[in-house]
Amino acid sequence: MVVIDERDTVREEAPPHGSIGMSTAYRISDAAPPPRAMEFRRRVLHKGAAIGEHPIAHDEVYYVLSGVGEVVSDGRRETLRAGMTAYLYDGAVVGIWQRGEEPLSLIVAYPNPPKK
């Protein structure tokens with residue numbers, strides 16, 4: 001077991017998949033020593049920021065802690081608010097945008113690729 005304080009994993013960076021705006025990244029699972037089978041991260045998208053559309057090769061979960069976002073999966077768009085989850089499926093093209101005045105805080109979780 002490892003216990004990780006998110007404050008030890010925080011950094012300011014452009015979000016992945018397009019570098020749209022800025023975000024606060026909590027790369028929580030990066031602090032877990034290998035081997036680990038999944039990624040678990042918190043990301044706060046600042047006003048106007050987004051994780052751009054990108055294909056995924058695994059199931060992925062976006063869970064909203066606060067703020068409002070717009071998620072897309074294969075062209076279908078939905079609004080997400082605190083307490084809502086988008087379960088995204090292997091093979092989809094996905095992304096999420098911050099909407100409104102408040103930053104969008106979300107948890108992102110997905111499996112690591114299998115070891116070959």
Side-chain angles (χ1 to χ4, degrees):
M1 176 175 72
V2 62
V3 176
I4 301 160
D5 186 327
E6 73 175 11
R7 293 174 296 187
D8 296 332
T9 69
V10 66
R11 63 185 186 209
E12 299 297 312
E13 64 184 25
H17 310 292
S19 298
I20 303 164
M22 283 301 290
S23 71
T24 304
Y26 300 84
R27 299 177 65 91
I28 297 164
S29 56
D30 286 2
R36 66 176 198 271
M38 64 176 291
E39 296 299 328
F40 184 86
R41 299 175 178 178
R42 179 176 168 216
R43 174 118 10 210
V44 179
L45 296 175
H46 302 181
K47 188 169 175 124
I51 298 172
E53 289 185 57
H54 61 285
I56 56 175
H58 49 254
D59 288 3
E60 192 162 300
V61 175
Y62 294 167
Y63 174 76
V64 177
L65 299 168
S66 63
V68 177
E70 181 181 74
V71 65
V72 64
S73 179
D74 287 339
R76 180 177 163 204
R77 295 181 178 275
E78 295 286 341
T79 298
L80 295 179
R81 291 180 171 75
M84 297 175 79
T85 301
Y87 192 98
L88 308 164
Y89 291 94
D90 181 6
V93 174
V94 305
I96 189 165
W97 288 259
Q98 180 276 341
R99 299 293 190 220
E101 295 301 314
E102 182 183 352
L104 174 63
S105 179
L106 66 150
I107 298 294
V108 178
Y110 55 91
N112 280 326
K115 295 188 179 26
K116 295 179 182 183

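As the structure is a computational prediction, the values presented were derived from the model and not from experiment. The basis for the numbers below is simple: all heavy atoms, side chains too, and nothing from hydrogens, waters or symmetry mates.
The two residues D90 and A57 make their nearest non-hydrogen contact at OD1-C, 3.2 Å. Residues A32 and V2 come closest through the heavy atom pair CB-CG1, 4.0 Å. Shortest non-hydrogen contact noted between P111 and H58 is CG-CB, 3.7 Å. Smallest separation of non-hydrogen atoms from E102 and G67: OE2-N, 3.6 Å.
In this model, a donor atom of one side chain and an acceptor atom of the other lie less than 3.5 Å apart for D59 and Y87. In summary, the side chains of R42 and S105 do present a donor paired with an acceptor at a separation below 3.5 Å, with no hydrogens or angles considered. A side-chain donor-acceptor contact under 3.5 Å links T24 and E12.
A donor-acceptor pair under 3.5 Å is formed between the side chain of H54 and the backbone N or O of V94. Looking only at distances, a side-chain donor or acceptor of S29 sits under 3.5 Å from a matching main-chain atom of F40. At least one donor-acceptor pair closer than 3.5 Å links the side chain of Q98 to the backbone N or O of G48. A donor-acceptor pair is defined here as one N or O able to donate and one able to accept, closer than 3.5 Å; no such pair exists between the side chain of D30 and the backbone of T9.
Counting heavy atoms from C-beta on, the side chains of P15 and I20 never come closer than 4.5 Å. Within the 4.5 Å cutoff, the side chain of V108 has no heavy atoms near those of the E39 side chain. Side-chain contact between Y62 and T85 is absent, with no heavy atoms from C-beta onward closer than 4.5 Å. Side chains of T79 and V68 form a contact here, defined as non-hydrogen atoms less than 4.5 Å apart. Looking at heavy atoms from C-beta onward, V72 lies out of side-chain contact with V93 at the 4.5 angstrom threshold. The shortest side-chain heavy-atom distance between E70 and E78 does not fall under the 4.5 Å cut-off.
Taken from OG in S23 to CG in L104, the straight-line distance is 10.5 Å, to the nearest 0.5 Å. Here the straight-line distance linking atom CD1 of I51 with atom CH2 of W97 works out to 10.0 Å at 0.5 Å rounding. The CG atom of L45 sits 6.0 Å away from atom CG of L106, with the distance rounded to the nearest 0.5 Å. Atoms CG and CD, from L88 and E60 in turn, are 6.0 Å apart once rounded to the nearest 0.5 Å. Here I28 contributes atom CD1 and I107 contributes atom CD1; the two are 5.5 Å apart, rounded to the nearest 0.5 Å.
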message: Under the criterion salt bridge (Lys or Arg N to Asp or Glu O under 4.0 Å), I'd like the reasoning laid out for E53 against R77: C-alpha separation, chi angles, the key distance, then a yes or no.
response: CA-CA 12 Å; E53 289 185 57; R77 295 181 178 275; 3.5 Å; yes
- request: Decide yes or no on side-chain contact (heavy atoms from CB on, under 4.5 Å) for V64 and R81, but give the supporting numbers first.
  value: CA-CA 6 Å; V64 177; R81 291 180 171 75; 5.7 Å; no
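Under the 4.5 Å side-chain heavy-atom criterion for ILVMFWY residues, a single connected hydrophobic cluster contains both I4 and V10. Y63 and I96 sit in two unconnected hydrophobic clusters of ILVMFWY residues. Membership requires side-chain heavy atoms under 4.5 Å apart, directly or through other members.
A salt bridge links R43 to E13: one of the charged nitrogens lies within less than 4.0 Å of a carboxylate oxygen.
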